[in-house]
Number of protein chains: 2
Amino acid sequence: MKNDNIRPTESELEILQILWAQGPSSVRTVNELLNEKRDVGYTTTLKIMQIMADKHLVERNTESRTHIYEASISEEATQQKLLDRFVDATFRGSAMKLVMQALGNHKASKQELEDIKALINSIEKKDNK
Amino acid sequence: MKNDNIRPTESELEILQILWAQGPSSVRTVNELLNEKRDVGYTTTLKIMQIMADKHLVERNTESRTHIYEASISEEATQQKLLDRFVDATFRGSAMKLVMQALGNHKASKQELEDIKALINSIEKKDNK
DNA sequence: AATTATATACGAATTCTTTCGTAATTCAAA
DNA sequence: TTTGAATTACGAAAGAATTCGTATATAATT
């Protein structure tokens with residue numbers, strides 16, 4: 001399989017977030033959205049997206065003059081890999097410690113908390129089988 | 001306050017993990033523990049720890065010839081900051097999405113799951129006040 | 001057709017991090 | 001005291017990531 005060792009850099013991840021949210025987009029669109037958060041030159045964004053294409057993090061359609069880029073790795077799979085690494089690096093592998101910290105320090109809606117409890121219950125049910 | 005914008009690199013974080021686990025340590029000790037996971041030259045470790053001292057990520061006691069290094073930022077505060085940034089970068093700010101992914105894909109003991117449920121219940125109780 | 005605007009390509013400068021060789025220093029052992 | 005071992009200091013090389021200037025090509029406008 002391809003893209004097994006995905007490791008987008010921070011800039012690349014910013015761009016992936018935009019592509020995941022927007023769907024296939026031109027460099028200009030991505031650059032404009034990027035600039036809502038911080039200043040980045042157009043050619044900088046272009047260059048990074050070209051590098052991402054080389055790495056197969058994105059695919060691009062070059063039929064029209066304005067190339068259209070699309071994420072070629074899924075948001076969920078990427079998040080999962082990055083999460084694994086983050087848990088190792090920051091919480092010494094204890095995902096539960098991370099969960100506790102995240103729950104303790106970020107506001108969650110009642111609905112979200114219920115969702116999490118439901119998920120835990122379904123995990124516990126599975127374990128008992 | 002100092003160290004407000006902590007941003008340890010990956011190598012620095014590895015070393016911090018060791019210092020948090022071991023308490024104040026010499027470069028040699030840190031380097032040996034580091035080498036249980038991967039090959040790193042002694043002077044490499046030394047250099048990084050010296051840089052960390054410059055950045056005030058660690059303090060060092062230079063009274064004896066063998067300098068003793070100690071983490072100067074707490075594990076919890078560091079984890080919290082890194083977690084915040086990670087949630088932003090990877091989960092577009094949705095800590096709950098991160099929690100769901102972490103719960104869904106990492107094995108948790110029955111006890112840990114109960115702990116999390118208890119935490120959620122206590123959060124819900126607080127919210128109702 | 002000439003001009004202007006918009007795009008991509010390319011390469012190089014810059015910055016950040018990691019790595020390590022070498023020199024200088026201090027301590028311990030012979 | 002001399003030799004050898006362990007330590008820190010220093011600087012520079014190597015790599016990775018980011019940034020951007022400039023050239024070139026294409027399309028749109030006048």
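A note on names: the letters A, B, ... follow the listed sequences, proteins ahead of strands, and every chain is numbered from 1.
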Take the protein atom [atom1] of [X] and the nucleotide atom [atom2] of [N], then report the distance between them rounded to whole Å.
X       : N      : atom1 : atom2 : result
B/Ile48 : C/dC20 : CD1   : P     : 10 Å
A/Leu46 : D/dT18 : CG    : P     : 15 Å
B/Met52 : C/dT19 : CE    : P     : 14 Å
A/Met49 : C/dC10 : CE    : C1'   : 18 Å
A/Asn31 : D/dT18 : CG    : C1'   : 14 Å
B/Glu12 : C/dT19 : CD    : P     : 12 Å
B/Glu10 : D/dG15 : CD    : C1'   : 14 Å
B/Ile51 : D/dA12 : CD1   : C1'   : 13 Å

message = At less than 3.5 Å, do the side-chain atoms of B/Arg65 and the base atoms of D/dT8 form a donor-acceptor pair?
response = no
key: Whichever of B/Lys47 and B/Arg28 has its nearest DNA chain D nucleotide further upstream toward 5'   = B/Arg28
task = Kindly work out whether a path of hydrophobic side-chain contacts (I/L/V/M/F/W/Y, heavy atoms less than 4.5 Å apart) joins B/Ile68 to B/Leu33.
result = no
Return no unless some side-chain N or O of [X] is found under 4.0 Å from OP1 or OP2 of [N].
X       : N      : result
A/Gln50 : C/dA9  : yes
B/Tyr42 : C/dG21 : no
B/Arg38 : C/dT19 : yes
B/Ser11 : C/dT18 : yes
B/Thr9  : C/dT17 : no

query = Is B/Thr44 touching bases, backbone alone, or none of the nucleic acid, heavy atoms closer than 4.0 Å?
reply = base
query = Counting any heavy atom closer than 4.0 Å, what does B/Thr43 reach on the DNA or RNA strands: base, sugar-phosphate only, or nothing?
reply = base
query = For atom CD of B/Glu76, is the number of surrounding heavy atoms from other residues, nucleotides or ligands below 6.0 Å larger than 12?
reply = yes
key: B/Asp54, CG atom: more than 12 neighbouring heavy atoms under 6.0 Å   = yes
key: Basic-acidic side-chain contact under 4.0 Å: B/Glu12, B/Lys55   = yes
query = Is it true that A/Arg92 and B/Glu14 have a side-chain N and a carboxylate O under 4.0 angstrom from each other?
reply = no
